[in-house]
Number of protein chains: 2
Amino acid sequence: MYLRYLEDLDGRGQHTASSDELAQLCGTTPAQVRKDLSFFGSFGKRGLGYPVHELSGRLREILGLEREWKVIIVGAGKIGAALANYGGFRQRGFRVAGVYDNSPEKIGHAWGDAIVRDISLLEEDLQGEESIIAVLAIPADDAQAVVDRIVAAGVRAILNFAPTQIIVPAHVSLKSVNMAIELEGLSFALTNGLGGTSAA
Amino acid sequence: MYLRYLEDLDGRGQHTASSDELAQLCGTTPAQVRKDLSFFGSFGKRGLGYPVHELSGRLREILGLEREWKVIIVGAGKIGAALANYGGFRQRGFRVAGVYDNSPEKIGHAWGDAIVRDISLLEEDLQGEESIIAVLAIPADDAQAVVDRIVAAGVRAILNFAPTQIIVPAHVSLKSVNMAIELEGLSFALTNGLGGTSAA
DNA sequence: AGGTGTGAATTATTTCACAGCG
DNA sequence: CGCTGTGAAATAATTCACACCT
């Protein structure tokens, strides 16, 4: 999140930013900003703030964003379609390298730039690939089986949109986004008069 | 999350579930399950576990899911399209009540069941509506302005897919989903050999 | 003056561990 | 006996506050 706003500021030609300023942009506190950043090093200059451009670069390194990551979309349904065509990936340096499905009706059909490939080709397609992130956009029932398969094929990072809990070996990173749960959280907040922001 | 798995179990005819079992399903610990649930009441029976069906019902009440919520999609782009047609909303009791945009090219066009409406109609459309959740699927630049507008129109819950920080008054609930940040988190994990699961 | 970096204090969350009920 | 509910203990995260640099 810091990176996003630092790049914004950099684009506007701002050379320096205080923890106060970053906190406002990110919706947090100055102390939080300083603690977070200090975990990775001492980037700031006392009396001045943080050097916007330089810190952007350092954060990109820390996040591993200096290389290009390939994203494969697994599941050629509605959500998969939206994700495959979503410009935001490319914009942030993630290249959609393929779309996979197991339904014969979908395999072979063109789909934006890509052609939907049989998921059983995944293993050979990924031979030697290191920088792969799989985005899962499949029904909950199939999710664990497909995950087992793509993990076996060597994928070590998964962004899961299937509305179910998924188990991965310790060496695999998994993040899950569950829209229904987000909505139900909002329902709870409204019902109980709560209000407030959360990143989810 | 508990509700999701309880409904699953209920559907399979299981009458009772221990904190251990729920913890496994949800990827957490038994102690966590018990603490979480005990916050809302004493639902379990010692020696037996939790009554699956009854607890489902109680959680639905607590979450405010006994009424039907209306969801409006704001932004008729790629993401908005996917969301509007996504079956998962209706399946969980959220009804897509309208799609709004400010682009003349999109307004009036049919779009799944709905017709894209001019965002300036929002205020009158929402007259007297209480149970509205807005899903934001618009570019980052427009996001804050549109939010101000829909908040002025009376919306009190927002699920934001725009990749930017948004500020809302204290009485409004906001949750944000930022796919680029999720991917960058995975990049970080891969780069630094971390692994592990996180709900996001 | 202005603003970071960081120990110390505070507050929040998770885990432990066990009394007590069915 | 099995399993919840819950105080107490252990961890983790956030905030404070201030020494110190520019």
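Note on naming: letters A, B, ... go to the chains in the order of the sequence lines (proteins, then strands), and numbering restarts at 1 for each one.
- B:I115 belongs to no hydrophobic cluster with other residues, because no ILVMFWY side-chain heavy atom falls under 4.5 Å from its own, directly or through intermediates.
- Side chains of B:E182 and B:N178: no donor on one and acceptor on the other come within 3.5 Å.
- Applying the side chain to side chain contact (heavy atoms under 4.5 Å, CB included) test to B:P169 and every residue at least two apart in sequence or in another chain returns B:V151, B:H171, B:V172.
- Applying the side chain to side chain contact (heavy atoms under 4.5 Å, CB included) test to A:I107 and every residue at least two apart in sequence or in another chain returns A:D118.
- Counted by atom type alone, B:Q24 and B:D20 present zero donor-acceptor pairs between their side chains at under 3.5 Å.
- Side-chain contact check for A:Q14 and A:E21: at least one donor-acceptor pair (N or O, by modelled atom type) lies under 3.5 Å.
- Within residues 6-28 of chain A, no residue has any heavy atom closer than 4.0 Å to DNA chain D.
- Listed by chain and residue number, A:Y100, A:L121, A:D125 satisfy the side chain to side chain contact (heavy atoms under 4.5 Å, CB included) test with A:R117 (two or more places apart in sequence, or in another chain).
- In the region residues 29-50 of chain B, proximity to DNA chain C at under 4.0 angstrom, judged on heavy atoms, holds for B:T29, B:Q32, B:R34, B:K35, B:R46.
- A search for salt bridge (charged side-chain N to carboxylate O under 4.0 Å, His left out) contacts involving A:E123 returns nothing, not counting sequence neighbours.
- The span of DNA chain C lying next to chain A, judged by atoms under 4.0 Å from heavy atoms, is bounded 5' to 3' by C:dG2 to C:dA8.
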Below 3.5 Å, can you tabulate the donor-acceptor pairs from side chains in residues 42-56 of chain B to any protein atom, sequence neighbours excluded?
residue : atom : partner : partner atom : Å
B:H53   : ND1  : B:D10   : OD1          : 3.4
B:H53   : ND1  : B:D10   : OD2          : 2.6
B:S56   : OG   : B:V52   : O            : 3.1

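- Defined by atom type and a distance below 3.5 Å, a donor-acceptor pair is missing between the side-chain atoms of B:W69 and B:S131.
- Here A:A81 pairs with A:W111 under the side chain to side chain contact (heavy atoms under 4.5 Å, CB included) rule; sequence neighbours left out.
- Here chain A contacts DNA chain D (any atom closer than 4.0 Å to a heavy atom, that is under 4.0 Å), and the contacts span D:dT14 to D:dT22 from 5' to 3'.
- Every ring pair (Phe, Tyr, Trp, His ring centres under 6.0 Å) that B:Y86 has, sequence neighbours left out, goes to B:F89.
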